[in-house]
Amino acid sequence: SQTIHQWPATLVQPVGSPLSLECTVEGTSNPNLYWYRQAAGRGLQLLFYSVGIGQISSEVPQNLSASRPQDRQFILSSKKLLLSDSGFYLCAWSSLERSPSYEQYFGPGTRLTVT
Amino acid sequence: AQSVTQLGSHVSVSEGALVLLRCNYSSSVPPYLFWYVQYPNQGLQLLLKYTTGATLVKGINGFEAEFKKSETSFHLTKPSAHMSDAAEYFCAVTLNNNDMRFGAGTRLTVKP
């Protein structure tokens, strides 16, 4: 079966500090991977998605970046955090090999608080 | 582009009462539709999905949803609410693999 991991689970960082959030998927190959942000009391905002190693598409301009160094690893980074970067970050995957109906499966999330 | 609108950001029901969460979609072609549930400080869990075929879709935890093309709706229902159903619910629509659009979410409260 497939599983998705995210770490850390919670993070408190000062403004201006760097960020690295990691997401890994097990049990599937060549998944599509996604990073979402969920601000307090709001819906999901797609930040990045990737269809393969080194292939990253950005949905919104911001001080965040994403990388996919391995097939099942997706990393969200920032060189200098802003207060507005606080939120709940969710990683998700999908795979046409598993299901042709495009549903996405989500990780447990990382709660980021920028102080 | 496709989109979904969830009517009502908060819904409150009594335990044992009918749960009805509303979702309307906009799409130029037949969409794939989903309902997800999110418990506090957790990721989203897929409740059910509509792809093609039968318009009444049954999901986990006793939930079901009906795809109504004429009304462009995909409302989520459960005959009898349980305290454990209290959570945030998201409706979503996609036409391709990389563009899933989520609604703003509906927070369900269940009163004892």
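Just the heavy atoms: all of them, side chains too, but no hydrogens, waters or symmetry mates, feed the values below. These figures come from a predicted structure and were not determined experimentally. Throughout, protein chains are lettered first and strands after them, A, B, ... in sequence-line order, and every chain is numbered starting at 1.
- In plain terms, the two heavy atoms of A/Phe88 and B/Asn41 that are nearest each other are CZ-C, 3.8 Å.
- Looking at heavy atoms from C-beta onward, A/Leu44 lies in side-chain contact with B/Leu44 at the 4.5 angstrom threshold.
- When B/Gln45, B/Gln38, B/Arg101 are compared by the number of non-hydrogen pairs under 4.5 Å with chain A, B/Gln38 comes out ahead.
- A/Tyr36 and B/Val4 fall into different hydrophobic clusters, where Ile, Leu, Val, Met, Phe, Trp and Tyr residues are linked whenever their side-chain heavy atoms come under 4.5 Å apart, directly or through other members.
- In this structure the side chain of B/Leu48 never reaches within 4.5 angstrom of the side chain of A/Glu103, judged on heavy atoms.
- A distance of 7.0 Å separates CD in A/Gln104 from OG1 in B/Thr94, rounded to the nearest 0.5 Å.
- Below 30°, between 30° and 60°, or above 60°: for B/Phe102 and A/Phe106 the angle between ring planes is above 60°, a perpendicular geometry.
- Residues B/Leu20 and B/Tyr89 do not share a hydrophobic cluster, defined by chaining ILVMFWY side chains whose heavy atoms lie under 4.5 Å apart.
- The nearest pair of heavy atoms linking B/Leu46 to A/Tyr105 is CD2-OH, 4.1 Å.
- Proximity to chain B is absent for every atom of A/Gln6, based on heavy atoms less than 4.5 angstrom apart.
- Placement of A/Ile56 and A/Ile75 in two distinct hydrophobic clusters is found when ILVMFWY residues are connected by side-chain heavy-atom separations under 4.5 Å, directly or transitively.
- In the hydrophobic cluster analysis, where Ile, Leu, Val, Met, Phe, Trp and Tyr join through side-chain heavy atoms closer than 4.5 angstrom, A/Ile53 is grouped apart from A/Tyr49.
- In the hydrophobic cluster analysis, where Ile, Leu, Val, Met, Phe, Trp and Tyr join through side-chain heavy atoms closer than 4.5 angstrom, A/Leu83 is grouped together with A/Leu76.
- Within a 6.0 Å sphere centred on CZ of B/Arg22, other residues, nucleotides and ligands contribute 12 heavy atoms or fewer.
- Taking chain A as the reference chain and counting heavy-atom pairs below 4.5 Å, the highest number among B/Tyr50, B/Tyr32, B/Phe90 is found for B/Tyr32.
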